[in-house]
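Proteins get letters first, then strands, A, B, ... in listed order; numbering begins at 1 in each.
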Amino acid sequence: MKFASSYEPNEYEADIYACWEAADEFLPGGRVFHGQPSEKTQSHYSIVMPPPNANGNLHIGHGLTIAIEDALTRYHRLRGEMTWYIPGADHAGFETWVVYERALEKQGHTRFEYSRDELYARVWDFVQEQRGNMELQVRALGASCSWKDLTFTLDENVVRRVYATFEKMWNDGMVYRGEKLVNYCTKHQTAFADIEVEHKDEKGKLWDIAYKVVQEQSSASSEDALLTQRTSSTSRSGAPSSSHLATPEQPLELVVSTTRPETLFGDVAVAVNPEDKRYKNLIGKAVRLPLTDREIPIIADEHADPEYGTGAVKITPAHDNDDFEVGERHNLPRIQVISFDGKMLDNCGPEYAGLTTAECRKKVLKDLKEQGLLRGEKEIVHSVAHCYKCDTVIEPMLKEQWFVDVKKLAKVAIEHLEAGEIKFFPANKKNVLINYLKGLKDWNISRQIPWGIAIPMFRADDGEWIFDSRTNLAEIEIGGKRYKRDEDTFDTWFSSSHWPIVCTDWEEGAVNPYYPLNVMETGADILFAWVARMIMMGLYVTGEVPFSEVYLHGLVLDAHGQKMSKSKGNVINPMELVGKYGSDAFRMGILRGRSAGMNQAFSEQSVVAGRNLCNKLWNVSRFIQEIVDSEQSEQSLSHETLNPGEDWICREINEAKWAIESQMKNYRFSEAVETLYSLIWDKYADWFIETEKIYRNTGLLKETLMAILKMLHPFAPFVTEAIWQNLSWTEGLLISAKWPADFKFDPISAENFEKLMGVVSTTRSTLQALTEAHKGFSKAETVMLYGDDSLVDDNQVLVQKLTGVASVISCEGQPRGLRLPVANHEVYLDVDADVVADYAQALENKILAVGRELDSLNMRMMNPNYVDKAPAELVNETRTLIVEKEELIERLKKEREAI
RNA sequence: GGAUCCUUAGCUCAGUUGGCUAGAGCGUACGAUUCACAUUCGUAAGGUCACAGGUUCAAGCCCUGUAGGAUCCACCA
């Protein structure tokens, strides 16, 4: 006996995985086809793994990803397709850099002690040391991916492809070097793309600051030449909301509203709305910038909202995105006043230089107050950008960076999306994506961190930039001219956007049946960051969309629907669950109750249910193997059906199979698991196996079990393969078996079995009611009688076994006992009159009890005070209850009359 | 400010072009017990499908609005 009495996943999983891998089953087409040209008729199926961090551990989201992707992979493999699931490992540029830098700091060092090349080499070693866990964990989850094709995001072929694309873009004029405001983290000292920034609503303050107006003396053009005709320094008190209209006699001031007073050193203008009557006659004049001796112009710009604050806004093009644009429109200078490490620069004056922005803000406010220029402060809630790793406030900074001009890329992507070339699950994400692409701004791809793919651009002293892929050299010489390497690296999304291209080894002009991918499966949270960019880049590089379908999964939340986080302490480790319940249980558990694109809760309970199903199937198999072993002669496989239960299970298996085929096509994994659960447990084990305890049709038992193992394999690969290997009559490996064919059956016979199930169920429920009603009633001593009923007559033994009565016999003459309420069947339980009486009495008691409840409810409704004064909800509830109770009484009465 | 999604049993969720006597897992109650499985078997209870209107022979599903929750995008000084 190979089958232990329960399935112990830990005893099988590692060996089975090793066996698949050794047999090269994960290669496309498996061992049979590998290395040979595929048959033309054979269809191909390709899917790539979103690369987990090479030196990290898997989290619950990876668990879901692999459960889905491997189910797809195994399903298509069983369907006979050349299936290629390509695994990946991510250098995780910024993520890993943050981890490494923290380690470096712990050792008392900083990144600034080393050159970029040194740092790169150090992180490389660091990653190699930490590497390995992730891949072991992916294996433990059962992913049938082709390890020989593992792609690391820093692999040579990836870098080569990324450089080729960059060069093409450079030649096409689609990348440019530009000085713009970029999102900058002063802690990590690198820029980010817009999408990498986290906006949070925060409480802040809006300060009103008075800027003194000076009269313009001449029409000097340069900003320094705005001359001053000093007005009286007597300040004018009053609320900022009051009018600041200029009259020739009065000293003038313009009160601006700002949340960032420390940036005033970088102000180059004050803007008011051209339609704002309050300030109309100030436009073109100048104000004196507080705490400095600079004078700046008052300009008219739509950006100033008359409704907000005082309606006058200071313009700081070097440190604010809006102001940057205003500055462009009015051709204003940009004055950087905050350094890249977050401190105030020398141009803020000796009192402020060197302070952090926070310190500077304090001092500026204090000084303004002392000078009587602070006119008010108001609490407001506004959205503030933060670094998604360290939470530092993102500083918009003026910086020269490489930008991708995305307009063309986005336009092409939108055209292909609108043409329906990519099918989305859930479908609404297509429009969400189109919407995003329509508003996409140029993409900053430079990062000031050493861990990543070096940008292949070199600059001469005269400012000329050239492309060259020799990024291992800090300096190159071409035609006697020396060029220095740009020290920045690419945004990881720039290289990741090539993922389908690099994983499938796409090459220009070569036939590649695996590109485009059949499906891209990933998290809905990176639709914009990744999916959008893969589509744009795929189209740019290959002219084709990179995948024909996109399946997006949502976040896995904890059992109460809360986001998992270390600080909340509600993080579930997938590997712990795998260790405790087995990989299959985890996979089925996490797919349960989950649909595309939605953030949904997850709990251990569903994994327990999965574990139980594995054990159930194990024991079904064990039982069938026992029957096979007990047979005298070897029985061949057969489709032959001999009794209604057999026709019925054949019908049910066919229907389940068709359901699964449609569910897989539509990415309805949860429903597919439900279908299998119900087929295996509620149908196969609870009814079919029970009938086979009598009939023992070994041929059909073998055949049906094999079909079920194949159908469950995509979701529970280990237990199904373990069973397959343990069964005496199966051959080869289940992983490369053939999807089952339809079973033949007699539909009338199958229908008859369903009727028989009705008889059995009603009998069971009546027996239960009798047990509760009459002390000493025993179903094991009760005889079941039947009248003129050929179906029951043909299946006496079966009905007896399934109901647990003493015997089932034809009733001669007048039937006696209790008639069972089954339509179209004359069946009785031969019980004594006093048992019937007790049963009738039980029904009667119930009728009376419900009657009493009904009376009291009616009494309540007849009380006019109650109806008038009680809350309407309560009154309605009472009305509903009355209707319900009346219906219940009717039902019970009918049942009692039938006795 | 814009967008998307969600609200169905005690909990977590299904419910695909409207046809429903609204399902599952877990949980609850009652009963069973050596012969595949206590990771078992049987039975039962439990739902104004968020709310208010509308379309239809028919609405959990379609339309309009309201309330609550989640997520994403956006430059509000």
Side-chain angles (χ1 to χ4, degrees), chain A residues 3 5-7 181 194-195 199 204 206-207 256-260 263 271 303-305 307-316 320-326 380 382-383 385 396 426-429 431-432 435-436 439 524-525 527-528 554-555 557 559-563 581 585 589 592-595 597-606 608-627 662-663 666 668 670-671 673-675 677-678 682 685-686 689-690 693 760-761 764-769 771-772 779-780 802-804 873 876-877 879-880 883-884:
Chain A
F3 283 96
S5 71
S6 67
Y7 173 59
L181 273 196
D194 294 342
I195 200 153
H199 286 91
L206 186 66
W207 286 278
V256 303
S257 299
T258 183
T259 52
R260 304 203 52 197
T263 63
H303 164 65
D305 175 2
E307 305 292 315
Y308 193 92
T310 60
V313 55
K314 62 195 228 26
I315 302 299
T316 324
D320 183 279
N321 288 305
D322 291 336
D323 294 1
F324 183 84
E325 284 172 22
V326 174
I380 54 155
H382 61 151
S383 150
N428 70 300
K429 294 291 181 187
N431 288 332
V432 173
N435 223 19
Y436 170 76
D525 53 335
L527 174 64
F528 299 151
L555 286 179
L557 309 175
H560 306 288
Q562 298 293 308
K563 236 181 184 171
Y581 300 106
R592 274 282 181 105
R594 202 160 294 280
S595 42
M598 297 217 333
N599 301 342
Q600 284 161 317
F602 170 71
S603 79
E604 201 165 320
Q605 282 180 349
S606 60
V608 171
R611 188 266 317 252
N612 293 355
L613 180 66
C614 292
N615 189 58
K616 188 72 180 175
L617 185 61
W618 178 265
N619 273 289
V620 163
S621 307
R622 174 160 104 116
F623 178 67
I624 292 175
Q625 184 64 54
E626 277 174 15
I627 290 180
S662 141
Q663 285 152 352
N666 293 298
R668 294 176 168 267
S670 179
E671 284 172 48
V673 172
E674 293 284 343
T675 301
Y677 194 98
S678 156
D682 304 341
D686 286 354
I689 291 292
E690 291 305 316
K693 285 181 178 170
V760 170
S761 291
R764 281 170 174 170
S765 112
T766 308
L767 286 167
Q768 174 79 6
T771 310
E772 284 165 28
K779 70 175 180 185
L802 295 180
T803 57
E873 285 172 28
N876 284 334
E877 202 182 303
R879 286 208 183 92
T880 321
V883 174
E884 277 175 10

Which part of the nucleic acid does [X] contact within heavy-atom distance under 4.0 Å: base, sugar-phosphate only, or nothing?
| X | value |
| --- | --- |
| E690(A) | base |
| Q600(A) | sugar-phosphate |
| H303(A) | base |
| I624(A) | nothing |
| G311(A) | base |
| K314(A) | nothing |
| R764(A) | sugar-phosphate |
| Y7(A) | nothing |
| S603(A) | nothing |
| A559(A) | sugar-phosphate |

Checklist entry - Quick one: what's the B/S/- string for nucleotides 15-30 of chain B, heavy-atom cutoff under 4.0 Å, read 5' to 3'? => result SB-------SSS---B
Does a side-chain N or O of [X] approach OP1 or OP2 of [N] to a distance below 4.0 Å, or not?
| X | N | answer |
| --- | --- | --- |
| H199(A) | C73(B) | no |
| K779(A) | U43(B) | no |
| Y436(A) | C73(B) | no |

Just to verify, what does [X] make a salt bridge (Lys or Arg N to Asp or Glu O under 4.0 Å) with, not counting sequence neighbours?
| X | answer |
| --- | --- |
| E690(A) | K693(A) |
| R594(A) | none |
| R668(A) | E671(A) |

For [X], check ring pair (Phe, Tyr, Trp, His ring centres under 6.0 Å) against everything at least two apart and list the hits.
| X | value |
| --- | --- |
| Y581(A) | none |
| F602(A) | none |
| Y436(A) | F528(A) |

Under a 3.5 Å distance rule, please check whether [X] uses its side chain to pair with a backbone N or O of [Y] as donor and acceptor.
| X | Y | answer |
| --- | --- | --- |
| R764(A) | L802(A) | yes |
| N615(A) | Y7(A) | yes |
| S257(A) | T310(A) | yes |

[X] [atom1] - [N] [atom2] separation (whole Å):
| X | N | atom1 | atom2 | result |
| --- | --- | --- | --- | --- |
| F623(A) | U39(B) | CZ | P | 20 Å |
| D194(A) | C75(B) | CG | P | 7 Å |
| D525(A) | C72(B) | CG | C1' | 10 Å |
| E604(A) | U12(B) | CD | P | 17 Å |
| N599(A) | A70(B) | CG | P | 12 Å |

Would you mind telling me which of [options] lies closest to the side-chain atoms of [X]?
| X | options | result |
| --- | --- | --- |
| D320(A) | A77(B), U71(B), A44(B) | A77(B) |
| N321(A) | C41(B), A77(B), C75(B) | C75(B) |
| N615(A) | C37(B), A36(B), C72(B) | C37(B) |
| K563(A) | C72(B), U39(B), G42(B) | C72(B) |
| N619(A) | G42(B), U71(B), A36(B) | A36(B) |

Check nucleotides 3-9 of chain B for protein N or O atoms closer than 3.5 Å to its own N or O atoms and list the pairs.
from	atom 1	to	atom 2	distance (Å)
U4(B)	O3'	N428(A)	ND2	3.4
U4(B)	O2'	N428(A)	ND2	2.9

Item to check | Base-pairing string, 5' to 3', of RNA chain B - Watson-Crick or wobble, under 3.5 Å, | interstrand | outcome: (((((((..((((.....[...)))).(((((.......))))).....(((((..]....))))))))))))....
Checklist entry - With rounding to whole Å, what would you report as the distance between A29(B) and C35(B) at their P atoms? => result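 One P to the other, the span is 27 Å.
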Test side-chain hydrogen bond (donor to acceptor under 3.5 Å, both in side chains) applied to [X] - qualifying residues, sequence neighbours left out:
| X | answer |
| --- | --- |
| S662(A) | none |
| S621(A) | none |
| D194(A) | N183(A) |

